[in-house]
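Worksheet: the structure to be examined is printed underneath.
As a basis for the values below, the full set of heavy atoms in this structure was taken, side chains included, without hydrogen atoms, waters or symmetry mates.
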Amino acid sequence: MAQRIFVKVMGFNDVERHALNTLFRLSEQRETVYALWRPDAPEPPKLALIDGQSYEATVEFESPSNEGLQIIWIGSVVPVRAYRSFDRPLSWPEVIKAMDELFASPEALDIDLGFGDDTSPGEVAAAGPPARRALIAAASRDERLYLRAKLALADLTQADEAETGPQALELARANHYDLALVDFGLTGISGWDFLKELTQSRGSLRLIVTKERASIGEHIRARFSGIEGFFNKPPHPGRLADLLQKVH
């Protein structure tokens, strides 16, 4: 059953307010729903997002009515009782992640020990873990070569390549991949439809996506869709390398 978390928002400029409204709207599709708290809301807020650069917000923060709230603070001078803090420019997926760490229910573990009816645990252990395998889906050969090189640096050397969305889906249905690095603009299918089909074909597949001029709303939607990384093109080399080390 979905839970609704009311969020008190203090401060922020028009662009950031638009991003927050997008966050609230897209969260309606999840089990943990975030909603803007208003005085007429049916429940008190459980979280406050506070813009530390706003005088009115910092004054409101000192109100006794906010003492029991979890606080996510935006700004450099952080009060002691803040749960998390972020500096500008804001990374909205990181803000959402911090919110989810507070309120989202942990996903049930799906552990497959790999023991068949006629296979002993000793035989499985002796065989060692299977090699990890990746899917690279991008129309540009240069981009595929670049992503392959990044995977190799993360010690993930087995990878298959696709130039179009349908080719990538065909490979995903026929093979097991631990990770997919894909270009949102692949031909043959629209981006979000492609990502939905790809994750449905392999539920445990971890996704890293690149896109030309991705909007704030798209970054937020990617976070809510379970995508590990959603990068504007070209992806920042250091951040991509760090993420590959984490997911690999």
Side-chain angles (χ1 to χ4, degrees), residues 1-108 184 190-193 195-196 199 207 209 211 213-232 239:
M1 182 177 178
Q3 64 166 338
R4 184 173 296 272
I5 305 298
F6 284 99
V7 182
K8 194 172 188 178
V9 177
M10 307 179 199
F12 297 97
N13 60 37
D14 289 343
V15 173
E16 291 166 341
R17 285 274 179 165
H18 175 73
L20 284 166
N21 287 334
T22 302
L23 185 162
F24 296 141
R25 176 173 54 82
L26 291 175
S27 75
E28 293 286 344
Q29 306 168 20
R30 308 167 73 230
E31 290 188 1
T32 302
V33 178
Y34 299 112
L36 178 65
W37 180 84
R38 303 178 188 277
D40 59 351
E43 299 177 15
K46 294 182 180 178
L47 172 69
L49 294 175
I50 299 179
D51 176 6
Q53 296 179 1
S54 165
Y55 173 76
E56 292 79 5
T58 53
V59 170
E60 173 66 17
F61 169 71
E62 299 296 335
S63 170
S65 64
N66 296 316
E67 287 184 1
L69 289 178
Q70 295 282 5
I71 303 294
I72 293 180
W73 186 270
I74 310 303
S76 55
V77 182
V78 185
V80 175
R81 68 183 183 91
Y83 161 69
R84 288 288 302 275
S85 65
F86 297 92
D87 281 329
R88 290 181 169 90
L90 287 173
S91 170
W92 288 106
E94 289 300 313
V95 175
I96 297 166
K97 181 180 179 182
M99 295 165 65
D100 283 348
E101 287 171 353
L102 278 170
F103 301 110
S105 301
E107 294 181 357
F184 188 90
S190 67
W192 292 113
D193 288 342
L195 295 177
K196 183 178 180 181
T199 52
L207 275 177
V209 182
K211 186 181 186 300
R213 297 182 294 275
S215 68
I216 291 174
E218 287 171 324
H219 280 279
I220 294 173
R221 180 174 179 178
R223 171 66 191 174
F224 283 158
S225 300
I227 295 171
E228 295 281 348
F230 194 78
F231 292 92
N232 287 340
R239 292 175 184 168

Would a 4.5 Å heavy-atom cut-off, applied to side chains only, mark [X] and [Y] as touching?
X: Val7; Y: Leu23; value: no
X: His18; Y: Ile216; value: no
X: Trp92; Y: Thr22; value: no
X: Ser27; Y: Phe224; value: yes

What residues form a side-chain contact (heavy atoms from CB on, under 4.5 Å) with [X], not counting sequence neighbours?
X: Leu36; result: Val9, Phe24, Arg38
X: Arg213; result: none
X: Thr32; result: Gln3, Ile5, Arg30, Tyr34, Phe103, Ala104
X: Val77; result: none

Restricting to side chain to side chain donor-acceptor pair (under 3.5 Å), what partner residues turn up for [X], sequence neighbours left out?
X: Asn21; value: none
X: Lys46; value: none
X: Gln70; value: none
X: Asp193; value: Ser190

Heavy-atom closest contact (Gly217 atom, Leu26 atom, distance)
O-CD1, 3.7 Å
Shortest non-hydrogen separation from Gly11 to Ala57 and the atoms involved
N-CB, 4.0 Å
Please list all pairs passing the side-chain hydrogen bond (donor to acceptor under 3.5 Å, both in side chains) test where one or both residues lie in residues 219-228, with sequence neighbours left out.
Arg206-Glu228, His219-Asn232
Interatomic distance, Ser85 atom OG to Ile72 atom CD1 [nearest 0.5 angstrom]:
10.0 Å
Straight-line distance of Trp37 CH2 to Leu47 CG, nearest 0.5 Å
13.0 Å
What pairs meet the salt bridge (Lys or Arg N to Asp or Glu O under 4.0 Å) rule with one or both residues in residues 68-78, with sequence neighbours excluded?
none
Which residue pairs pass the salt bridge (Lys or Arg N to Asp or Glu O under 4.0 Å) test when at least one of the two sits in residues 77-90, sequence neighbours left out?
Glu16-Arg88, Asp51-Arg88, Arg84-Glu101
Pairs meeting criterion ring-ring contact (aromatic ring centres under 6.0 Å, His included) with involvement of residues 67-87, two or more places apart:
Phe61-Trp73
